[in-house]
Amino acid sequence: MKPPTAKPMQPAQWDELPGWPDDNLIAAWPAFLNSCRALAARSQWPLWRPACEEANTLQATDNAVLRRFFEARFQPYRLTNPDGSTSGLVTGYYEPLLRGARKRSGSFNQPVLGVPDDLLTIDLGDVVPDVKNLRLRGRLQGNKVVPYYSRADIVGREKAYADRVLLWVDDAVELFFLQIQGSGRVQLPDGRLVRIGYADQNGHPYQSVGRVLIERGELKPEEASMQGIQAWGRANPERLNELLNTNPSYVFFRELPPPASPSEGPPGALAVPLVPERSVAVDPRQIPLGAPVFLATTQPNSPEPLRRLMLAQDTGGAIRGVVRADFFWGFGPDAGRLAGRMRQSGEMWVLLPPGVGPK
């Protein structure tokens, strides 16, 4: 007999959150206010409104005041996997910087593509309400909808996408990881920066090329970080495309307005700027976007605790499951080094106002 599936959200007490009294909530406050601005346009706004309206009256200068606010306005729920376990995978992502140009040249020969005209996005929730948040991608073949082209197909049909090229960059590995990160900045030859962000995806599931290299015996598990894969690609340029094509997923981009400040993060799935080290990507089928999430994990490649209040403001193709998170580290190479090494175990609690939690 199959054991019953555990409920994904289990009511918890504040003293169960490790490190909650010690977190610098002032650092999380801008991300929380960003969530409130986004939630104001959503159907659940009446349930969030009392907390968000009070938040707008508070001065974010005293951690004790902010802690009392959260404890008065929110109920913590421990996130729990279907098998009853409470630990899950925590990875990291960042906003990379690439070198590129508007026109193709000898060194700038890797295309950053916008959304193709023949890509169909079908929102099944419009047809079957029980499967909201489920979208299918495809293309028309005659009068039938068939799966859209895989990464290998798209790369092999470069001329078919000539009118969809946004930019040309100089590194296939960096472009591949840009697709995984979902957003980035491209520095043009004259020094100007162009910000690009996720626009759509070809509908194929993400497959880890790091896992492929481990299974082939070419990298040890501890070497299969972003930096390790980049090093392998540069050491094996003639085999790079074959490796990258083992991941059939392909991401298309759009050009975004420049950041208001160098540190402002790109917009996530919640359509607000991500806040470095305070925004997290989650599975929106399990955690409502915009919600505060307390994360208890460790620093990248380290046993040092990393325990802080985050805001669920983004999603990702590889972020699936209840206890699963992708930690946004920010922009540039330092953030990239941390994100590339992060593959930690962690626990999570979602904080919800009255009426939003499980019935």
Asks: Please state whether the rings of Phe74 and Phe69 are parallel, tilted or perpendicular, taking 30° and 60° as the class boundaries.
Replies: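 Ring orientation of Phe74 relative to Phe69: perpendicular.
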Asks: Answer yes when Arg278 and Asp23 have at least one side-chain N-carboxylate O distance shorter than 4.0 Å, and no when they do not.
Replies: yes
Asks: Please find the pair of heavy atoms, one from Cys36 and one from Trp45, that lie closest to each other, and give the distance.
Replies: O-CZ3, 3.8 Å
Asks: Set out, in order, the CA-CA distance, both residues' side-chain angles and the distance that settles side-chain contact (heavy atoms from CB on, under 4.5 Å) for Val115 and Arg254, then state yes or no.
Replies: CA-CA 8 Å; Val115 180; Arg254 59 191 173 100; over 6 Å; no
Asks: Between the main-chain N or O of Ala281 and the side-chain N or O of Gln313, is there a donor-acceptor pair closer than 3.5 Å?
Replies: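 Not a single qualifying donor-acceptor pair exists.
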Asks: Identify the residue among Met226, Gln230, Gln110 that makes a side-chain contact (heavy atoms from CB on, under 4.5 Å) with Val173.
Replies: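 Among the candidates, only Gln230 passes.
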Asks: For Arg234, does the CZ atom sit with more than 12 other heavy atoms under 6.0 Å from it, leaving out its own atoms?
Replies: yes
Asks: Counting only heavy atoms not in Arg192, do more than 12 fall under 6.0 Å of its CZ?
Replies: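 Atom CZ in Arg192 is not crowded, with 12 or fewer foreign heavy atoms closer than 6.0 Å.
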Asks: Donor-acceptor pair, Asp153 side chain versus Ser150 backbone, under 3.5 Å?
Replies: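 Yes, Asp153 side chain to Ser150 backbone: donor-acceptor pair under 3.5 Å.
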Asks: With rounding to the nearest 0.5 angstrom, report the CG to CD distance, Leu79 to Gln286.
Replies: 8.5 Å
Asks: Do Pro300 and Trp329 come within less than 4.5 Å of each other through their side chains, counting heavy atoms only?
Replies: yes
Asks: So Glu304 and Thr298, do their side chains get closer than 4.5 Å, heavy atoms only?
Replies: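 SC-SC contact between Thr298 and Glu304 ruled out.
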Asks: Tell me whether Arg343 at atom CZ has more than 12 heavy atoms from other residues, nucleotides or ligands lying less than 6.0 Å away.
Replies: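 No, the 6.0 Å shell around CZ holds no more than 12 heavy atoms from other groups.
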Asks: Short question: side chain of Glu264, backbone of Ser261 - any donor-acceptor pair under 3.5 Å?
Replies: no
Asks: So, are Glu255 and Arg102 salt-bridged, with charged N and O less than 4.0 Å apart?
Replies: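 Here Glu255 pairs with Arg102 in a salt bridge, since their nearest N and O are under 4.0 Å apart.
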Asks: How far apart are the closest heavy atoms of Pro354 and Leu47, and which atoms are they?
Replies: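 Answer, listing the atom of Pro354 first, then Leu47: O-CD2, 4.0 Å.
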Asks: Membership question, hydrophobic clusters at under 4.5 Å side-chain separation (ILVMFWY): are Leu33 and Leu352 in the same one?
Replies: yes
Asks: Between Tyr94 and Phe331, does the ring centroid distance fall short of 6.0 Å?
Replies: no
Asks: What about Leu309 and Val65, same hydrophobic cluster or not, with Ile/Leu/Val/Met/Phe/Trp/Tyr joined at side-chain heavy-atom distances under 4.5 Å?
Replies: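 Yes; Val65 is reachable from Leu309 via cluster members.
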Asks: Whether Arg164 engages the ring of Phe252 as a cation-pi pair (distance to the six-membered ring centre under 6.0 angstrom, angle to the ring normal within 45°) should be assessed.
Replies: no
Asks: List the atom of Leu188, the atom of Leu167, and the distance in Å for their closest heavy-atom pair.
Replies: CD2-CD2, 4.0 Å
Asks: Check step by step if side-chain contact (heavy atoms from CB on, under 4.5 Å) holds for Val322 and Thr80.
Replies: CA-CA 6 Å; Val322 184; Thr80 306; 5.7 Å; no
Asks: With rounding to the nearest 0.5 angstrom, report the CZ to CG distance, Arg211 to Asn247.
Replies: 11.0 Å
Asks: Donor-acceptor pair, distance only, cut-off 3.5 Å: does the side chain of Asn202 make one with the backbone of Pro248?
Replies: yes
Asks: If you look at every heavy atom in Val323 and Thr86, which pair is closest and at what distance?
Replies: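 Heavy-atom minimum between the residues: CG1-O, 3.7 Å.
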Asks: Got a second to check how far Asn63's CG is from Ile26's CD1, nearest 0.5 Å?
Replies: 4.0 Å
Asks: Is there a side-chain contact between Thr91 and Arg324 in this structure, where contact means two heavy atoms from C-beta onward sitting under 4.5 Å apart?
Replies: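 Yes, side chains in contact.
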Asks: Quick one: side-chain contact (heavy atoms from CB on, under 4.5 Å) partners of Leu98, sequence neighbours excluded?
Replies: Pro96, Val169, Glu174, Leu178, Val186
Asks: Could you tell me whether the side chains of Ser249 and Gln201 share a donor-acceptor contact shorter than 3.5 Å?
Replies: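 Yes, Gln201 and Ser249 have a side-chain donor paired with an acceptor closer than 3.5 Å.
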Asks: For Gln227 and Gly336, indicate whether the former's side chain and the latter's backbone hold a donor-acceptor pair under 3.5 Å.
Replies: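 Side chain of Gln227 to backbone of Gly336, a donor-acceptor pair under 3.5 Å: yes, one is there.
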Asks: Between atom CH2 of Trp20 and atom CZ of Arg308, what is the distance when rounded to the nearest 0.5 Å?
Replies: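 Here the interatomic distance stands at 13.5 Å.
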Asks: When you check the gap from the basic side-chain N to the acidic O, do Arg99 and Asp170 get nearer than 4.0 Å?
Replies: yes
Asks: Evaluate the side-chain proximity of Phe32 to Leu66: yes if any heavy-atom separation is below 4.5 Å, no if none is.
Replies: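 No, their side chains stay 4.5 Å or more apart.
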Asks: Would you sort out whether Arg139 and Gln141 count as a side-chain contact (heavy atoms from CB on, under 4.5 Å), showing the intermediate values?
Replies: CA-CA 7 Å; Arg139 60 186 174 88; Gln141 191 174 71; 3.8 Å; yes
Asks: How close do Ala269 and Arg42 get, heavy atom to heavy atom, and via which atoms?
Replies: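 Ala269 and Arg42 have their closest heavy atoms at O-NH2, 4.2 Å.
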Asks: To the closest 0.5 Å, what do you measure between CD (Glu277) and CG (Leu338)?
Replies: 7.5 Å
Asks: Report whether Phe327 and Leu89 are members of the same hydrophobic cluster (ILVMFWY, side-chain heavy atoms less than 4.5 Å apart, transitive linking).
Replies: no
Asks: Is Tyr206 linked to Leu240 within one hydrophobic cluster, defined over Ile, Leu, Val, Met, Phe, Trp and Tyr using a side-chain heavy-atom separation of less than 4.5 Å?
Replies: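 In one cluster: yes.
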Asks: Do Val356 and Val350 sit in the same hydrophobic cluster, where Ile, Leu, Val, Met, Phe, Trp and Tyr count as joined when their side-chain heavy atoms come under 4.5 Å apart?
Replies: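 Val356 clusters together with Val350.
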Asks: List the atom of Pro266, the atom of Glu95, and the distance in Å for their closest heavy-atom pair.
Replies: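 Closest approach of Pro266 to Glu95, heavy atoms only: CD-OE1, 3.5 Å.
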Asks: I'd like to know if the side chain of Asn81 and the backbone of Ser87 have a donor-acceptor N/O pair within less than 3.5 Å.
Replies: yes
Asks: Find the distance between OG1 (Thr5) and NZ (Lys7) and round it off to the nearest 0.5 Å.
Replies: 12.0 Å
Asks: Any chance the side chains of Ser85 and Asp83 put a donor and an acceptor closer than 3.5 Å?
Replies: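 Indeed, the side chains of Ser85 and Asp83 share at least one donor-acceptor pair under 3.5 Å.
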